[in-house]
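What follows is a single structure, written as structure tokens, with notes after it.
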Amino acid sequence: MNCTVLGCGRWGSFQAWFHSKKNNVVLWGRTGSASFETLRSSRKNDYLTLPPQVQLCDDLELALSASDYIIISIAAQHLREFAGRINQYPVAGKTFILCMKGLEEASGKRLTQVMRETITQPIDLAVWVGPGHVQDFLAGIPNCMVIDSDDRAVTERVVKNFQNELLRLYIGTDLIGTEIGAAAKNVMGIAAGMLDGKGLSCLKGALMARGAREVARLIAAMGGRELSAYGLCHLGDYEATLFSLHSHNRRFGEAVVKGESYTKLAEGAPTVKALLTLGAQHGVELPICQTVSSILYDKADVDDAFKNLFTRSTKEEFYL
């Protein structure tokens with residue numbers, strides 16, 4: 001099987017490295033990208049060394065034509081522009097797999113919606129999300145992830161073709177819930193980092209419970225299944241985000257409340273704006289998301305923001 005990976009950051013380069021064990025792989029990167037130029041010059045980055053069978057390519061047309069399976073692993077906020085570029089080339093009939101988590105900041109749209117709106121040719125489309133860090137996978141530590149699509153046959157085909165000893169893949173059956181849950185997980189990661197930064201790590205258990213409930217209510221209001229929030233896409237990914245030293249979102253949240261600089265904007269930062277847009281559209285309160293947003297964008301005092309969160313009116317734990 002031929003496989004193309006678009007995006008050569010941490011996760012994209014890992015995907016290329018891993019799938020090259022069984023498949024012919026083309027790894028595409030943007031000319032001038034620091035990540036791509038590092039790989040082109042040394043075939044190494046901070047995490048791995050690419051095997052000889054991975055072909056590096058900066059020609060998007062060539063990369064797309066090389067394979068029937070196209071994995072996209074880029075920043076979510078760049079997807080619409082990038083999908084527009086992809087649509088300039090013949091891709092009808094190909095299977096695109098979004099190995100990325102997020103929502104479009106300006107619209108609140110899910111990434112599969114962005115792809116469907118932008119690529120006018122008939123394509124198969126799936127998402128690949130769930131827990132796991134590149135550092136752990138490279139150490140041989142396995143994990144479970146989920147594939148989802150708007151077409152059950154596509155989901156099953158991707159699972160069958162990419163199932164392996166390191167990544168156990170499950171069949172998702174709720175694309176709305178899977179995408180919203182995966183994106184919202186990054187916001188909860190920022191919240192966890194904020195708790196760490198304030199010496200309140202003991203509250204992460206409460207964050208896990210209330211965060212998953214908050215997201216479940218939004219998923220249900222959007223037409224998805226509440227249960228998805230408690231699956232691999234969201235709650236199942238909490239350990240890798242709320243507690244891991246590798247998590248960019250957690251480290252970003254901690255840096256924010258400590259007043260430290262952090263060079264990489266966490267994906268959860270634009271996502272929280274999108275979630276609040278969706279919450280307003282569907283009439284769902286998102287108090288944890290609102291707290292994170294107030295600290296990031298309204299310059300709210302961290303202690304006051306947490307106090308306001310904890311002094312909200314008392315409700316039943318599983319209120320609708």
Side-chain angles (χ1 to χ4, degrees), residues 1 3 5 10-12 14-19 21-23 68-73 76 95-103 110-113 115 123-186 188-189 208-209 211-213 215-216 218-220 222-244 246-247 249 267 271:
M1 185 174 68
C3 174
V5 179
R10 177 173 60 169
W11 187 239
F14 166 74
Q15 289 275 346
W17 175 87
F18 185 76
H19 294 305
K21 295 181 178 182
K22 297 182 179 179
N23 307 296
D68 290 327
Y69 285 89
I70 314 293
I71 294 172
I72 302 181
S73 180
T95 300
F96 285 82
I97 306 169
L98 302 180
C99 289
M100 45 200 293
K101 304 166 185 176
L103 299 167
R110 295 177 285 114
L111 301 185
T112 56
Q113 291 177 303
M115 286 285 286
I123 60 169
D124 290 334
L125 183 60
V127 298
W128 180 332
V129 297
H133 283 296
V134 168
Q135 294 92 328
D136 295 329
F137 287 132
L138 290 171
I141 302 171
N143 217 321
C144 301
M145 305 186 82
V146 61
I147 306 293
D148 214 333
S149 173
D150 53 10
D151 184 333
R152 172 71 180 235
V154 172
T155 305
E156 292 181 352
R157 175 161 48 84
V158 172
V159 169
K160 178 182 178 180
N161 287 334
F162 287 92
Q163 185 80 266
N164 54 73
E165 71 282 359
L166 193 62
L167 297 169
R168 176 174 173 79
L169 301 177
Y170 282 82
I171 296 170
T173 56
D174 175 24
L175 185 59
I176 291 174
T178 296
E179 289 193 87
I180 295 296
K185 180 272 309 182
N186 286 333
M188 298 306 159
M208 291 173 66
R213 184 62 192 143
V215 172
L218 177 61
I219 289 172
M222 294 178 63
R225 291 167 34 204
E226 289 190 23
L227 190 62
S228 295
Y230 305 97
L232 290 169
C233 72
H234 188 74
L235 185 61
D237 205 356
Y238 269 20
E239 188 280 333
T241 304
L242 272 62
F243 298 94
S244 174
H246 301 316
S247 170
N249 287 281
E267 190 64 68
T271 297

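Remark: the Thr112 side chain and the Glu179 side chain contain an N/O donor-acceptor pair separated by less than 3.5 Å.
Between the side chain of Thr155 and the main chain of Ser149, a donor-acceptor pair closer than 3.5 Å is present. Within the 3.5 Å criterion, the main-chain N or O of Gly130 finds a donor-acceptor partner in the side chain of Lys101. Within the 3.5 Å criterion, the main-chain N or O of Ala216 finds no donor-acceptor partner in the side chain of Glu226.
Evaluation of the ring-ring contact (aromatic ring centres under 6.0 Å, His included) rule for Phe18 yields Phe14 as partners, not counting sequence neighbours.
Closest approach of Pro131 and Leu232 over heavy atoms only: CD-O, 3.6 Å. Nearest heavy atoms, Val159 versus Tyr170: CG2-O, 4.0 Å. Pairing each heavy atom of Thr241 with each of Gly189, the nearest pair is CG2-CA, 3.4 Å. Here the shortest heavy-atom pairing between Cys233 and Val129 reads CB-CG2, 4.0 Å. Nearest heavy atom pair, residue Ala212 against residue Ala229, reads O-CB, 3.6 Å. A pairwise comparison of heavy atoms in Asp174 and Arg225 identifies OD2-N, 2.9 Å as the closest pair.
Taking NE2 of His234 as the start and CG of Leu227 as the end, the distance is 12.5 Å to the nearest 0.5 Å. Considering CZ of Arg110 and CE of Met115, their distance stands at 13.5 Å, rounded to 0.5 Å. Within the model, atoms CG of Asp148 and CG of Leu169 stand 12.0 Å from one another, a figure rounded to the nearest 0.5 Å. Note that CD1 of Ile219 is 9.0 Å distant from OH of Tyr230, once rounded to the nearest 0.5 Å. Separating the CG atom in Asp151 from the CD atom in Glu156 is a distance of 9.5 Å, to the nearest 0.5 Å. Atom CZ of Arg157 is separated from atom NZ of Lys160 by 10.5 Å, given to the nearest 0.5 angstrom.
Between Cys99 and Gln15, some side-chain heavy-atom pair lies under the 4.5 Å cut-off. Counting heavy atoms from C-beta outward, Ile97 and Val158 have side chains that approach closer than 4.5 Å. By the 4.5 Å heavy-atom criterion applied to side chains, His19 and Phe162 are counted as neighbours. Within the 4.5 Å cutoff, the side chain of Ile171 has heavy atoms near those of the Arg152 side chain.
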Exercise for the section: In sequence, state the C-alpha distance, the side-chain angles, and the governing distance for Asn23 and Tyr69, and then conclude on side chain to side chain contact (heavy atoms under 4.5 Å, CB included). Expected result: CA-CA 11 Å; Asn23 307 296; Tyr69 285 89; over 6 Å; no
Practice task
Start with the C-alpha distance between Val215 and Met188, add both sets of side-chain angles, then the distance that settles side chain to side chain contact (heavy atoms under 4.5 Å, CB included), and finish with yes or no.
Solution key: CA-CA 10 Å; Val215 172; Met188 298 306 159; 4.0 Å; yes
Practice task
Please lay out, stage by stage, how Leu125 and Val154 fare under the test side chain to side chain contact (heavy atoms under 4.5 Å, CB included).
Solution key: CA-CA 7 Å; Leu125 183 60; Val154 172; over 6 Å; no
Please list, one pair per line, the donor and acceptor atoms closer than 3.5 Å that link side chains of residues 133-147 to other protein atoms, with sequence neighbours excluded.
unit_1, atom_1, unit_2, atom_2, d
His133, NE2, Ala240, O, 2.4
His133, NE2, Ser244, OG, 3.4
Gln135, NE2, His246, ND1, 3.4

